[in-house]
Amino acid sequence: MVVAFALTACASNNPAKHEINQEKLAHIHYQLAIDALGKEGMLPKAFDELMKSNALHPNQPEVLDALAYAWLLRGDMKKSEQYYKQALHHGGRAATQNNYANLLNKLQRFEEAEAMARLSLDDPRYPNQDLAFINLGDALLGQKKFEQAIGAYSQAKMFNPNSGLTQSKLANAYFQQGRLNESAELYRGLLRIDPDNRTIIEGLVEVLKKQNKQSEARMILQDFSSKSNSSLDKAWAMGKIGQME
């Protein structure tokens with residue numbers, strides 16, 4: 001009790017120091033939350049740390065942004081949007097604008113997503129320019145603005161030339177536009193680098209089906225099924241083959 005009283009007295013006599021300590025503790029909880037968000041099965045821990053951080057030092061845009069992402073991971077789009085709006089209201093800038101654009105794309109509110117992605121790109125200091133251009137491309141593709149979407153994905157590629165995600169987005173955009181040969185070429189290049197990637201295989205198979213190259217599509221699916229260690233992937237591949245019979 002003596003120690004508790006001494007600490008309380010210190011805090012009351014030095015309110016500025018107490019506030020700084022609160023901010024430091026809030027930041028520690030925030031860092032623990034970010035670490036938890038990157039680990040499987042740690043979402044409840046992330047929520048706990050973020051809520052503690054927000055209680056100690058309320059309305060910090062990076063904390064609200066992380067809470068929005070955590071709610072997105074939990075599948076609650078409504079709460080996620082609420083926290084992104086709060087983060088923007090309290091000073092969130094390019095990172096939050098870009099993250100919110102990603103959510104708006106998932107909600108298929110593509111015009112709003114385009115506007116938000118462009119806002120994030122207004123800041124040339126934002127380090128994740130490639131992700132912002134990808135979100136812009138997704139928003140444009142959702143509006144069937146194929147050439148503009150391809151341009152956005154190409155910009156993303158300039159910032160991150162080795163990104164398989166950008167190449168996959170470009171391949172899908174070519175497919176959506178009907179440029180099947182270019183799409184197939186990109187997917188084949190990606191498959192050589194990452195032969196176990198189901199998303200890439202699915203994209204290439206769809207292109208091959210449009211090109212009436214069912215035999216090649218079957219061979220790719222059979223090879224994937226025989227080499228995969230996942231029973232779910234094997235079942236998926238065999239199901240796709242069955243659909244082509």
Side-chain angles (χ1 to χ4, degrees), residues 11 15-143 152 156 159-160 163 165-166 168-169 199:
K17 184 176 181 181
H18 175 67
E19 185 176 337
I20 291 170
N21 288 336
Q22 292 285 93
E23 290 179 11
K24 287 182 178 179
L25 186 56
H27 186 68
I28 290 170
H29 284 297
Y30 168 72
Q31 292 293 341
L32 290 170
I34 295 302
D35 183 61
L37 281 172
K39 296 179 180 177
E40 188 175 351
M42 295 288 284
L43 188 56
K45 171 69 171 175
F47 269 113
D48 183 47
E49 296 295 345
L50 287 169
M51 289 174 179
K52 287 176 180 176
S53 179
N54 195 42
L56 287 164
H57 194 199
N59 298 326
Q60 296 306 296
E62 67 273 14
V63 176
L64 296 171
D65 184 289
L67 275 165
Y69 180 63
W71 280 112
L72 176 61
L73 291 178
R74 196 165 185 261
D76 193 325
M77 304 289 193
K78 186 175 180 180
K79 276 198 171 66
S80 180
E81 183 170 14
Q82 288 173 354
Y83 276 101
Y84 278 133
K85 286 182 175 180
Q86 287 182 43
L88 291 170
H89 177 73
H90 290 285
R93 293 292 182 261
T96 298
Q97 290 160 350
N98 185 37
N99 292 336
Y100 188 23
N102 175 60
L103 174 67
L104 290 168
N105 276 325
K106 292 181 185 299
L107 294 170
Q108 298 186 0
R109 289 157 53 184
F110 298 117
E111 291 184 4
E112 294 175 72
E114 177 187 351
M116 198 58 59
R118 290 191 187 280
L119 280 176
S120 73
L121 287 165
D122 282 343
D123 185 354
R125 300 165 299 175
Y126 178 47
N128 294 325
Q129 298 275 310
D130 59 322
L131 298 181
F133 273 113
I134 285 175
N135 280 324
L136 177 59
D138 289 351
L140 293 165
L141 191 63
Q143 298 173 72
F159 283 99
N160 192 355
S163 170
L165 175 62
T166 303
S168 180
K169 294 282 186 179
T199 300

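Because the structure is a prediction, the values reported are computed rather than measured. Counting from 1, the numbers follow the sequence of the chain as shown.
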Enquirer: For the residue pair Y30 and E49, establish whether any side-chain heavy-atom pair is separated by less than 4.5 Å.
Expert: no
Enquirer: Counting C-beta onward and ignoring hydrogens, is there a side-chain heavy-atom pair between Y83 and E81 closer than 4.5 Å?
Expert: no
Enquirer: So do the side chains of L72 and K106 get within less than 4.5 Å of each other, counting heavy atoms only?
Expert: yes
Enquirer: List the atom of A132, the atom of A117, and the distance in Å for their closest heavy-atom pair.
Expert: O-CB, 4.0 Å
Enquirer: Can you confirm whether the side chains of H57 and Q60 place a donor and an acceptor under 3.5 Å from each other?
Expert: yes
Enquirer: Might you confirm whether atom CD of E111 has over 12 heavy atoms from other residues, nucleotides or ligands at distances under 6.0 Å?
Expert: no
Enquirer: How far apart are the closest heavy atoms of P61 and G92, and which atoms are they?
Expert: CB-N, 3.6 Å
Enquirer: Set out, in order, the CA-CA distance, both residues' side-chain angles and the distance that settles salt bridge (charged side-chain N to carboxylate O under 4.0 Å, His left out) for K39 and D35, then state yes or no.
Expert: CA-CA 7 Å; K39 296 179 180 177; D35 183 61; 3.1 Å; yes
Enquirer: Starting at CG of L73, measure out to OG of S80 and round the result to the nearest 0.5 Å.
Expert: 8.5 Å
Enquirer: Looking only at heavy atoms, which two atoms of K45 and A36 are closest? And how far apart?
Expert: CG-CB, 3.9 Å
Enquirer: Check whether N135 reaches the backbone of N98 with its side chain - one donor and one acceptor, N or O, closer than 3.5 Å.
Expert: yes
Enquirer: Decide side chain to side chain contact (heavy atoms under 4.5 Å, CB included) for D138 and K169; before the verdict, give the C-alpha distance in whole Å, the side-chain angles of both, and the deciding distance to 0.1 Å.
Expert: CA-CA 8 Å; D138 289 351; K169 294 282 186 179; 3.0 Å; yes
Enquirer: Pairing donors with acceptors under 3.5 angstrom, does anything connect the side chains of H27 and Q31?
Expert: yes
Enquirer: Would you say that H29 contacts L50 through its side chain, given a criterion of any heavy-atom pair below 4.5 Å between the two side chains?
Expert: no
Enquirer: Quick one: does N54's side chain have a donor or acceptor within less than 3.5 Å of a partner on V63's backbone?
Expert: no
Enquirer: When you measure from the side chain of T96 to the backbone N and O of D65, does any donor-acceptor pair fall under 3.5 Å?
Expert: no
Enquirer: Would you call L121 and Y126 a side-chain contact if the rule is heavy atoms closer than 4.5 Å?
Expert: no
Enquirer: Nearest 0.5 Å, please: how far is CE in M51 from CG in L56?
Expert: 14.0 Å
Enquirer: What's the separation between atom CZ in R109 and atom CG in L104, rounded to the nearest 0.5 Å?
Expert: 5.0 Å
Enquirer: Hey, does D48 have a side-chain heavy atom less than 4.5 Å from the side chain of K52?
Expert: yes
Enquirer: Is it the case that the side chain of D76 and the backbone of K79 share a donor-acceptor pair, with hydrogens and angles ignored and the cut-off at 3.5 Å?
Expert: yes
Enquirer: How many angstroms lie between atom CD of Q86 and atom CG of L67, to the nearest 0.5 angstrom?
Expert: 8.5 Å
Enquirer: Report, as yes or no, whether the 6.0 Å neighbourhood of atom CZ on F47 holds more than 12 heavy atoms from other residues, nucleotides or ligands.
Expert: yes
Enquirer: If you measure from CG on L165 to OG1 on T199, what distance do you get to the nearest 0.5 Å?
Expert: 10.0 Å
Enquirer: Taking all heavy atoms of S120 and all of A94, pick out the closest pair and write down the distance.
Expert: CB-O, 3.3 Å
Enquirer: Using side-chain heavy atoms (C-beta onward) and a distance below 4.5 Å, is Y69 in contact with N99?
Expert: no
Enquirer: Between K85 and Y100, does the side chain to side chain contact (heavy atoms under 4.5 Å, CB included) criterion hold? Intermediate values first, please.
Expert: CA-CA 8 Å; K85 286 182 175 180; Y100 188 23; 3.4 Å; yes
Enquirer: Could you state the interatomic distance from CG (L140) to CZ (F110), rounded to the nearest 0.5 Å?
Expert: 10.5 Å
Enquirer: Is the backbone N or O of D123 less than 3.5 Å from a side-chain atom of Q129, with the two atoms forming a donor-acceptor pair by type?
Expert: yes
